[in-house]
Amino acid sequence: MLDEPIPLTTGYPEPVVLHKLSTADADLFAHHVAADLDHLGEHLPWPELAKTPDGARDWLAKYYRREDGRLVVGGAFAGDELLGGALLLQYDERYATVELGVWIVSQAEGKGVATAACRALIELAHGELRAERIEWQVAPENVRSRRLAEKLGFQFEGRLRSTYEYRGRRHDTEVLSLVGDEIAQAVARG
Ligand SMILES: CC(C)(COP(=O)(O)OP(=O)(O)OC[C@H]1O[C@@H](n2cnc3c(N)ncnc32)[C@H](O)[C@@H]1OP(=O)(O)O)[C@@H](O)C(=O)NCCC(=O)NCCS
């Protein structure tokens, strides 16, 4: 999946291309995460794990091994600079369900890079996985993420209470989804 790079249409001043990330990118990835940890880790637990080269390698290796339904991490590059990316995880082939995640460094926010990276992975989920349900999980305080999901066409489903612990306290998770024909419609909207 994502074996060929995908050019993204964005408002970023340079061309942006989505490349599959592998453990060979661990040093670059760790630097990228560590340089913007306060922003990336505000609502997400994984940046704390991936902020060192060893941590990044472990984190990326789980995608290589497809551990627990992890499928692919796409990195959005402007030249050699990693701006952020999107990922597919929690894939269940039997039920054709998958989860979509995304992150963008603060200096590249608001330019449509996250939107375009998500659309590219929604298209792959539609075309290659024949996904019938794409899920978006978000912390209730993460207004920017929820707004992005809704712009992509995701529908709000509800709030799961006390799903995980992060930074010493329990957090809820909001769930949105694209199902059935909504997935093709989200692809067409791009
Ligand atoms: C959540 C997150 C990914 C949102 O990223 P973003 O940069 O706001 O998303 P985008 O730029 O793609 O889209 C939003 C804006 O870009 C604009 N945009 C979309 N396509 C565009 C284009 N082609 N050209 C110019 N602007 C565009 C949209 O109009 C929107 O503007 P607005 O914010 O003024 O309404 C980002 O804030 C982030 O990484 N946060 C930290 C990690 C995180 O929480 N991830 C989500 C986990 S659930």
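Everything numeric here is computed off the predicted structure, so don't read it as measured data. Counting convention: from 1, in listed order, for ligands and their atoms alike.
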Point to revise | Heavy-atom closest contact (P5 atom, P7 atom, distance) | key: O-CD, 3.9 Å

**Study point:** Within-4.5 Å side-chain heavy-atom neighbours: E81 and Q107
**Key:** yes

Check your understanding: N/O of K111 under 3.5 Å from N/O of ligand 1, yes or no?
Key -> yes

Point to revise | Proximal ligand 1 atoms for Q137, defined as those under 4.0 Å from one of its heavy atoms | key: 48 (S)

**Study point:** Basic-acidic side-chain contact under 4.0 Å: E42, R144
**Key:** no

Practice item. Tell me which protein heavy atom sits closest to atom 11 (O) of ligand 1, plus the residue, atom name and distance to 0.1 Å. Key: G112 N, 2.7 Å

Point to revise | Protein residue, atom and distance nearest to atom 48 (S) of ligand 1, heavy-atom basis | key: S145 OG, 3.1 Å

Exercise for review: May I ask you to check if ligand 1 and W136 share an N or O to N or O distance below 3.5 Å?
Suggested key: no

Check your understanding: Of the choices T173, L176, L148, L152, which has the non-hydrogen atom that lies closest to atom 4 (C) of ligand 1?
Key -> L148

Review point. Hey, are the side chains of E165 and P45 touching, using non-hydrogen atoms and a 4.5 Å cut-off?
Key: no

Exercise for review: Report the relative orientation of the aromatic rings in H171 and Y166; use parallel for angles under 30°, tilted for 30 to 60°, perpendicular for over 60°.
Suggested key: tilted

Practice item. Mind listing the closest non-hydrogen atom pair of A76 and V113 along with its distance? Key: CB-CG1, 3.8 Å

Review point. Backbone, side chain, both or neither: what part of E42 comes under 4.0 angstrom of ligand 1, heavy atoms only?
Key: neither

Exercise for review: Take the angle between the ring planes of W59 and W103 and call it parallel below 30°, perpendicular above 60°, tilted in between.
Suggested key: perpendicular

Check your understanding: Non-hydrogen atoms of G110 versus ligand 1: any pair closer than 4.0 Å?
Key -> yes

Point to revise | ligand 1 atoms in contact with I104 (distance to a heavy atom under 4.0 Å) | key: 38 (C), 39 (O)

Check your understanding: Looking at CG of L129 and CD1 of I122, how far apart are the two atoms once the value is rounded to the nearest 0.5 Å?
Key -> 12.0 Å

Point to revise | Proximity to ligand 1 by part of T115, non-hydrogen separation under 4.0 Å | key: both

Check your understanding: If you measure from CG on L124 to CG on L71, what distance do you get to the nearest 0.5 Å?
Key -> 10.0 Å

Review point. Do T10 side-chain atoms and Y12 backbone N/O form a donor-acceptor pair below 3.5 Å?
Key: yes

Exercise for review: Do me a favour and list the nearest non-hydrogen protein atom to atom 36 (C) of ligand 1 with residue, atom name and distance?
Suggested key: E109 OE2, 3.2 Å

**Study point:** Sub-4.0 Å protein heavy atom near atom 24 (N) of ligand 1
**Key:** yes

Point to revise | Atom indices of ligand 1, in the order listed, that fall short of 4.0 Å to a heavy atom of R147 | key: 32 (P), 33 (O), 35 (O)

Review point. Is the shortest distance from a heavy atom of K151 to ligand 1 less than 4.0 Å?
Key: yes

Study note, to complete from the structure: One finds that the ligand 1 atoms under 4.0 Å from a non-hydrogen atom of A114 are 3 (C), 5 (O), 9 (O), 12 (O)

Review point. How close does the nearest protein non-hydrogen atom get to atom 8 (O) of ligand 1, and which residue and atom is it?
Key: R144 NE, 2.7 Å

Check your understanding: Going by the atom numbers of ligand 1, which of them fall below 4.0 Å from some non-hydrogen atom of W103?
Key -> 39 (O)

**Study point:** Which atom of I134 lies closest to which atom of A125, heavy atoms considered
**Key:** CD1-CB, 3.8 Å

Check your understanding: Out of V143, V102, V113, whose heavy atom sits nearest atom 46 (C) of ligand 1?
Key -> V102

Review point. With respect to atom 44 (O) of ligand 1, which of L100, D36, L44, N142 exhibits the smallest heavy-atom separation?
Key: N142

Practice item. Quick one: pull up CG in L88 and SG in C118 and give me the separation to the nearest 0.5 Å. Key: 9.5 Å

Point to revise | Subset of ligand 1 atoms that lie under 4.0 Å from at least one heavy atom of G11 | key: 22 (C), 23 (N), 24 (N), 25 (C)

